[in-house]
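Not measured: the values here are computed from a predicted model.
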Amino acid sequence: MTRDNLYSLGLEDHDRLNHELGGGIPRGSIVLIEGDYGAGKSAISQRFSYGLCETGHSVTLLSTELTVSGFIDQMHSLSYGVEDHLLDERLLFLHADVDTGGGRLTAPAEDEEGNRKELLNRLMKAEAMWQADVIVIDTFDAILRNDPKFEALIRQNEERQAALEIISFFRDLVSQGQVIVLTVDPSTVDEEAIGPFRAIADVFMELQMVEVGNDVRRNISVKRFAGMGEQVGDTIGFSVRADAGIVIESRSVA
């Protein structure tokens with residue numbers, strides 16, 4: 001695959017992540033990043049977003065955890081200065097207040113019950129967030145867990161029906177060359193609920209934490225990478241460091 005068909009993650013002088021992932025993320029792909037709490041999902045999605053902006057791509061980042069001020073502070077702590085990208089409107093940051101019961105994407109609705117009603121449908125209708133080259137949703141499982149319609153269908157064992165509409169919507173977007181990045185904590189949703197999204201993901205990565213003595217080591221386990229550029233490794237060691245961000249680790253076994 002030529003580099004014209006890849007969205008480069010940039011920052012080659014900062015870390016080796018873009019190189020380890022074969023030169024970037026293929027255009028027109030759905031990327032699923034799974035990991036338990038603390039595995040580094042947000043840090044990876046923030047690294048993706050910043051690097052993509054640095055290489056001239058437009059990005060929407062929807063966070064279910066961080067407010068705007070919290071996001072800017074977090075990015076600063078990782079040495080990812082995003083103010084210029086925000087001001088230039090290359091990066092659109094949105095806070096989805098779903099876990100507190102608010103269910104807001106951009107502005108409060110009339111009441112709590114209305115806020116939670118068909119959250120996925122409201123997400124798809126938020127037109128401004130879908131205009132970018134790359135759309136990152138961190139974390140997508142919070143959207144699924146707080147959508148009553150999705151929950152009801154899961155209770156009726158209609159997992160694929162629950163996922164069908166949003167998957168069709170994603171497929172329409174990636175057919176135009178856009179990239180959708182979803183982060184998920186698999187421990188918070190049923191296996192059957194996340195299964196359809198795993199099945200349709202063009203790029204599927206699991207973030208793993210392994211205890212070695214007193215250290216916790218993090219790995220990116222690449223399960224699927226359709227349309228890769230150069231060869232992508234099966235396992236990529238990384239750490240998250242203050243004032244450095246994502247650091248790719250070279251590890252040897254003694």
Side-chain angles (χ1 to χ4, degrees), residues 6-11 17-18 21 24-33 41-76 78 80-99 102-109 119-144 146-147 165-184 197 200-203 205 245-246:
L6 299 172
Y7 284 146
S8 172
L9 298 172
L11 305 186
L17 182 62
N18 192 61
L21 292 178
I25 300 298
R27 294 173 184 262
S29 61
I30 297 174
V31 181
L32 182 64
I33 302 173
K41 297 185 300 299
S42 292
I44 290 289
S45 66
Q46 290 157 9
R47 164 63 180 85
F48 275 26
S49 299
Y50 180 63
L52 287 161
C53 287
E54 287 285 290
T55 55
H57 303 299
S58 58
V59 178
T60 294
L61 174 55
L62 175 70
S63 173
T64 62
E65 299 176 347
L66 295 174
T67 62
V68 174
S69 61
F71 170 68
I72 293 174
D73 289 344
Q74 173 74 7
M75 296 297 272
H76 265 294
L78 299 174
Y80 301 150
V82 294
E83 288 90 341
D84 287 344
H85 296 311
L86 290 167
L87 292 172
D88 293 342
E89 298 183 348
R90 183 172 293 117
L91 174 62
L92 172 64
F93 176 82
L94 299 171
H95 170 55
D97 184 12
V98 293
D99 280 329
R104 295 190 293 271
L105 296 177
T106 53
L119 185 55
L120 283 169
N121 188 47
R122 293 180 59 231
L123 181 75
M124 289 185 284
K125 290 182 177 179
E127 295 182 5
M129 71 170 287
W130 305 107
Q131 302 302 312
D133 297 327
V134 181
I135 299 93
V136 181
I137 303 179
D138 178 43
T139 56
F140 186 58
D141 59 274
I143 304 289
L144 299 181
N146 286 275
D147 187 309
E165 186 176 3
I166 187 69
I167 286 174
S168 177
F169 178 77
F170 288 159
R171 278 301 186 201
D172 286 343
L173 290 173
V174 299
S175 70
Q176 303 170 40
Q178 292 170 279
V179 171
I180 309 294
V181 180
L182 309 172
T183 73
V184 173
F197 296 97
I200 57 94
D202 304 288
V203 177
M205 295 181 283
I246 297 295

Next item on the list: Apply side-chain hydrogen bond (donor to acceptor under 3.5 Å, both in side chains) to E54 and list each qualifying residue two or more places apart in sequence or on a separate chain.
Entry: H85
Margin query: Could you measure the distance from the CG atom of L66 to the CG atom of L94? Nearest 0.5 Å is fine.
Written below: 12.5 Å
Check: With a 4.5 Å limit on heavy-atom distance, are the side chains of L119 and L123 in contact?
Finding: no
Checklist line | I166 side, atom CD1; L120 side, atom CG - distance, nearest 0.5 Å | finding: 5.0 Å
Note to self: For L78, give me all partners under side chain to side chain contact (heavy atoms under 4.5 Å, CB included), at least two apart in sequence or on another chain.
What the structure shows: Q46, Q74, Y80, V240
Next item on the list: Any pair with a residue in residues 126-136 that passes salt bridge (charged side-chain N to carboxylate O under 4.0 Å, His left out), sequence neighbours left out, goes on the list, sorted by first then second residue, please.
Entry: none
Next item on the list: Just grab all the salt bridge (charged side-chain N to carboxylate O under 4.0 Å, His left out) pairs involving residues 166-179, residues at least two apart or on different chains.
Entry: R171-D202
Note to self: Restricting to side-chain hydrogen bond (donor to acceptor under 3.5 Å, both in side chains), what partner residues turn up for E83, sequence neighbours left out?
What the structure shows: H76
Check: side chain to side chain contact (heavy atoms under 4.5 Å, CB included) with V134: which residues, sequence neighbours excluded?
Finding: Y7, L52, V59, V136, V179, V181
Note to self: The criterion is salt bridge (charged side-chain N to carboxylate O under 4.0 Å, His left out); which residues satisfy it with D141, sequence neighbours excluded?
What the structure shows: R145
Notebook entry, point to check: In chain order, what residues pass the side-chain hydrogen bond (donor to acceptor under 3.5 Å, both in side chains) check against T183, with sequence neighbours excluded?
Noted result: D138
Item checked: Inter-residue atom distance E89.CD - Q131.CD, 0.5 Å rounding -> 12.5 Å
Margin query: As an exercise, state the distance from CD1 of I30 to CD1 of I200, rounded to the nearest 0.5 Å.
Written below: 3.5 Å
Note to self: Contact between L144 and F197 at the side-chain level, heavy atoms closer than 4.5 Å - yes or no?
What the structure shows: yes
Note to self: So does S42 get a backbone contact from the side chain of S45, meaning a donor-acceptor N/O pair under 3.5 Å?
What the structure shows: yes
Next item on the list: Just jot down the side chain to side chain contact (heavy atoms under 4.5 Å, CB included) partners of Q178, sequence neighbours excluded, or say none.
Entry: I135, L173, Q176
Next item on the list: Describe, in one word, how the ring planes of W130 and F170 are oriented to each other, choosing from parallel (under 30°), tilted (30 to 60°) and perpendicular (over 60°).
Entry: tilted
Next item on the list: Taking side-chain hydrogen bond (donor to acceptor under 3.5 Å, both in side chains) as the test, write out the residues that go with S175, two or more places apart.
Entry: none
Note to self: Test your reading of the model: is there a side-chain donor-acceptor pair from N146 to the backbone of A142, 3.5 Å cut-off?
What the structure shows: yes
Checklist line | From CG (L91) to CG (D84), nearest 0.5 Å | finding: 11.5 Å
Next item on the list: Supply the atom-to-atom distance F48 CZ to L11 CG, rounded to the nearest 0.5 angstrom.
Entry: 11.5 Å
